[in-house]
K.L.:
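This is the structure I have questions about; it appears just below.
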Amino acid sequence: METHGPKCPSKKAILPSRLIDVGCAGHPTVSLHVANGETGQWLTLSHCWGKKALSGTTTTNFEARCNSIHLFSLPQTFQDAISIARKLGYRFIWIDCLCIIQDSLEDWHAESARMAEMYAGADMNISADTAADAYEGIFRSSNKLPNNPDLVAHSRYEEFEEIPVHGSLLPGPTKLFASRRDSQYDPDVLSLLGKRAWVFQEALLSRRRLRYTVQGLVWHCRTVHSLCTERNPHKIHDVDFDKGYVVSVYDIPYEPLPPRWAFGSIPRLGFQAIFWWYRQVNEYAPLLLTFPKDRFPALSGLAKEFSSRTGYEYQCGIWKEDFRRGLLWESTGGATDLTIAPSWSWAAAKCYANYKPIYACRTEEWDYLEGREAELIECGEDSTRVDVFGQAVLPVMIRLRGLCKSFKSLLESSIFYFGTAGDPLGRRDAAYEPSLDEPASSSIRICMDDEDMSIKAFWMRKEPMVIQIARFKLHESLYLESKWTRTSKESSFGLVLERTSDYEAIYRRIGIVEMPEDGSEEFGWEMKTVTIV
């Protein structure tokens with residue numbers, strides 16, 4: 001923290017509304033500090049709440065906690081985090097359930113809207129990667145062996161070397177256990193914390209992270225982009241990196257980003273920034289939430305930071321300036337939940353981890369092609385009245401103008417197949433029977449959003465319609481015959497829509513189509529304005 005210079009500056013910032021004042025080392029109490037606009041330095045804690053109830057700060061105990069909180073009344077993970085803060089010489093640490101008033105929805109909305117400031121402004125984030133809940137503790141949990149939670153890694157494990165340690169700060173002789181193996185477990189794969197949606201933006205917004213994992217300590221910061229662990233501490237000096245690539249939201253400059261940014265555009269950071277965003281959505285979408293309604297709030301800080309740097313306008317997970325690519329997400333196998341997001345947003349889809357990404361435009365290079373593009377006439381909530389980065393106030397509509405066609409007439413005149421969405425449980429096999437044994441490259445590919453959308457049920461829908469969104473040239477690198485080969489194809493993409501009412505021309509999204517450029521996408525289409533909720 002003292003050697004990275006201007007790339008990783010440690011500086012004072014405006015303190016969050018409330019913080020835990022950790023007091024002096026060895027003191028049995030801490031207290032809740034109410035900041036009044038003063039500046040300072042602080043740490044943050046990322047942890048799993050778990051299923052056990054936490055004694056958080058409430059309107060009832062608020063005054064008492066401002067006076068004193070007995071350290072041993074707090075869960076072990078909080079005690080360990082406070083101990084770390086004290087030993088590092090920090091006065092303040094921000095812990096969510098202690099610093100946000102838990103029985104005040106108004107306070108939760110106000111503080112969650114400031115998440116970017118909490119984590120971006122902090123000197124460092126302490127990450128309890130292996131603790132299943134707040135009671136397990138940072139130190140004890142990081143000593144567990146995978147699949148054997150009661151076995152402490154260095155107590156009986158034959159591949160660890162016992163080394164005597166002496167030091168002036170230690171109460172007496174002690175031991176250090178060092179692994180003989182170069183690499184034993186992957187800290188990212190085994191991180192319980194990494195599966196939680198709220199922690200995703202906490203990690204990305206933090207300028208420095210000190211992670212307690214099964215591999216020991218792991219360090220991340222804006223300067224060191226490689227994995228710096230106890231086994232390879234020399235990585236702390238690997239500060240050379242090609243800044244033509246965006247690996248962090250902080251690599252994106254404060255410059256207006258033009259709409260429809262494409263691969264090959266100059267400057268290079270432009271398309272790096274927008275595709276960095278789609279990569280984050282792919283990683284975030286399958287993560288776990290205790291409350292599904294938090295899907296947007298748990299990403300709000302990152303979205304707000306991205307918007308402040310690019311000038312892009314945000315609505316329910318989609319950037320208006322790149323709405324065509326943004327609307328073309330694909331379901332990964334779960335049913336959609338229209339109680340938390342509009343049908344046109346990726347956040348409505350239930351995603352599964354380790355299957356195809358929800359945005360294919362992140363794994364392939366999608367270049368815009370001119371012609372047959374939908375126009376965005378109107379989009380969503382009024383940002384002057386509603387926090388567009390927070391929880392969606394449904395219904396949220398978009399109004400598009402584009403080329404439309406009856407879905408039935410499109411399929412009657414074309415060869416098509418229903419593409420699977422990679423459901424890990426195989427529940428969609430019967431629902432997606434291709435019309436061809438071997439789908440040809442000239443076939444229309446259809447991907448429906450809901451897992452129960454069988455072909456029979458699909459044809460009973462209320463006159464589905466397709467609206468063309470955009471044409472793209474898709475580039476992909478494939479490893480063929482012992483060498484990398486670059487391939488490309490041109491396709492038109494559209495949304496499959498169905499009417500939500502017999503009386504109003506309002507639609508909801510139920511899938512997407514990919515139409516190869518063979519002429520079927522050109523004839524029999526009618527220009528219409530449609531409203532989608």
Side-chain angles (χ1 to χ4, degrees), residues 12-21 30-47 49 53-67 69 78 81 92-123 125 134 196-207 249 284 289-309 313-317 340-341 347 380-394 396:
K12 292 184 178 181
I14 298 176
L15 295 177
S17 304
R18 306 174 201 98
L19 292 150
I20 295 299
D21 187 335
V30 295
S31 62
L32 185 64
H33 175 82
V34 179
N36 292 305
E38 68 257 41
T39 61
Q41 294 169 287
W42 69 95
L43 304 179
T44 58
L45 173 67
S46 291
H47 68 98
W49 282 51
L54 290 178
S55 179
T57 298
T58 65
T59 52
T60 303
N61 64 19
F62 178 80
E63 292 295 337
R65 288 195 162 187
C66 288
N67 292 324
I69 305 172
F78 296 177
F92 297 121
I93 186 169
W94 189 87
I95 302 175
D96 46 16
C97 78
L98 300 182
C99 298
I100 298 177
I101 300 175
Q102 298 299 297
D103 59 351
S104 171
L105 189 60
E106 180 182 358
D107 191 65
W108 184 88
H109 282 302
E111 295 302 300
S112 64
R114 297 185 60 200
M115 279 301 172
E117 301 169 33
M118 311 284 193
Y119 289 91
D123 261 21
N125 170 252
R196 307 302 304 180
W198 274 103
V199 176
F200 182 77
Q201 73 167 356
E202 293 173 10
L204 291 176
L205 290 171
S206 298
R207 296 177 183 269
V249 69
Y284 173 78
L289 282 165
T290 303
F291 304 104
K293 63 180 177 60
D294 289 345
R295 181 62 63 192
F296 289 128
L299 195 64
S300 62
L302 192 65
K304 191 176 294 185
E305 184 68 25
F306 185 92
S307 177
S308 71
R309 290 171 177 271
E313 291 187 60
Y314 185 79
Q315 190 69 67
C316 295
I340 62 172
E381 302 161 304
D382 183 354
S383 60
T384 62
R385 297 186 300 105
V386 179
D387 177 14
V388 295
F389 298 100
Q391 187 175 330
V393 181
L394 300 175
V396 183

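Residue numbers run from 1 in the order of the sequence given.
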K.L.:
List for me each residue that meets side-chain hydrogen bond (donor to acceptor under 3.5 Å, both in side chains) alongside D96, sequence neighbours excluded, and say none if there are none.
P.N.:
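Listed in chain order: H47, W49.
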K.L.:
Using 0.5 Å steps for rounding, measure from the CZ atom of R18 to the CG atom of L32.
P.N.:
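Going from CZ on R18 over to CG on L32, the span is 7.0 Å.
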K.L.:
Measure from the side-chain N and O atoms of S307 to the backbone N and O of A303, and report whether any donor-acceptor pair falls under 3.5 Å.
P.N.:
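Such a contact is absent between S307 side chain and A303 backbone.
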K.L.:
Contact between R65 and L98 at the side-chain level, heavy atoms closer than 4.5 Å - yes or no?
P.N.:
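In short, these two side chains touch, coming nearer than 4.5 Å.
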K.L.:
Are side-chain N/O atoms of T44 and N125 paired as donor and acceptor at under 3.5 Å?
P.N.:
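Distance-only check passes for T44 and N125.
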K.L.:
What is the minimum heavy-atom distance between L205 and A116, and which atoms define it?
P.N.:
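Of all heavy-atom pairs spanning L205 and A116, the closest is CD1-CA, 3.6 Å.
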K.L.:
Okay, side chain of K304, backbone of A113: is any donor-acceptor separation there less than 3.5 Å?
P.N.:
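Yes, K304 side chain to A113 backbone: donor-acceptor pair under 3.5 Å.
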K.L.:
Nearest heavy-atom pair of D107 and S104: which atoms, and what distance?
P.N.:
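Reported closest heavy-atom pair: N-OG, 3.1 Å.
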K.L.:
Taking all non-hydrogen atoms of both residues into account, name the closest pair between Y119 and L45 and its distance.
P.N.:
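Closest approach of Y119 to L45: OH-O, 3.8 Å.
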K.L.:
Minimum heavy-atom separation for I340 to A392, with atom names?
P.N.:
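Minimum heavy-atom contact is O-CB, 4.1 Å.
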K.L.:
Using the test salt bridge (Lys or Arg N to Asp or Glu O under 4.0 Å), find all partners of E111 that sit at least two apart in sequence or belong to another chain.
P.N.:
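For E111, no residue satisfies salt bridge (Lys or Arg N to Asp or Glu O under 4.0 Å) once neighbours in sequence are set aside.
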K.L.:
Please tabulate, one pair per line, all N/O donor-acceptor pairs under 3.5 Å involving side-chain atoms of residues 289-301, not counting sequence neighbours.
P.N.:
{"from": "T290", "atom 1": "OG1", "to": "R196", "atom 2": "NH2", "distance (Å)": "3.1"}
{"from": "D294", "atom 1": "OD2", "to": "W198", "atom 2": "NE1", "distance (Å)": "3.4"}
{"from": "S300", "atom 1": "OG", "to": "P297", "atom 2": "O", "distance (Å)": "2.7"}

K.L.:
Which atom pair, heavy atoms only, marks the closest approach of P16 to A35?
P.N.:
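Between these two residues, the closest heavy atoms are O-CB, 3.1 Å.
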K.L.:
So, for G121 and A13, which heavy atoms are closest and what is the spacing to 0.1 Å?
P.N.:
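G121 and A13 have their closest heavy atoms at O-CB, 4.2 Å.
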K.L.:
Rounded to the nearest 0.5 Å, how far apart are CH2 of W94 and OG of S46?
P.N.:
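Output value for this atom pair is 9.0 Å.
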K.L.:
Supply the atom-to-atom distance E38 CD to K12 NZ, rounded to the nearest 0.5 angstrom.
P.N.:
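Rounded to the nearest 0.5 Å, the CD-NZ separation comes to 10.5 Å.
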K.L.:
Identify, with sequence neighbours excluded, every residue that meets side-chain contact (heavy atoms from CB on, under 4.5 Å) alongside D103.
P.N.:
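Here the qualifying residues are T58, T59, I101.
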K.L.:
Please check if any side-chain donor atom of R114 sits under 3.5 Å from a side-chain acceptor atom of S17, or the reverse.
P.N.:
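Their side chains do contain a donor-acceptor pair, which is all the 3.5 Å distance test asks for.
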K.L.:
Could you pull out all residues at least two apart from W42 that satisfy ring pair (Phe, Tyr, Trp, His ring centres under 6.0 Å)?
P.N.:
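Checked W42 against ring pair (Phe, Tyr, Trp, His ring centres under 6.0 Å); zero matches.
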K.L.:
Just how far is it from atom OG of S55 to atom CD1 of I69, taken to the nearest 0.5 Å?
P.N.:
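Answer rounded to 0.5 Å: 9.0 Å.
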K.L.:
Starting at CG of N61, measure out to CD of Q102 and round the result to the nearest 0.5 Å.
P.N.:
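Between N61 CG and Q102 CD, I get 10.0 Å after rounding to 0.5 Å.
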K.L.:
Just to verify, what does L204 make a side-chain contact (heavy atoms from CB on, under 4.5 Å) with, not counting sequence neighbours?
P.N.:
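Counting only residues at least two positions away or on another chain, L204 forms a side-chain contact (heavy atoms from CB on, under 4.5 Å) with F200, Q280, L302.
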K.L.:
Should we count CD1 of I14 as having more than 12 external heavy atoms under 6.0 Å?
P.N.:
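No, the 6.0 Å shell around CD1 holds no more than 12 heavy atoms from other groups.
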K.L.:
Could you tell me the separation between the CZ atom of F92 and the CG atom of D21, rounded to the nearest 0.5 Å?
P.N.:
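So the CZ of F92 and the CG of D21 are separated by 5.0 Å.
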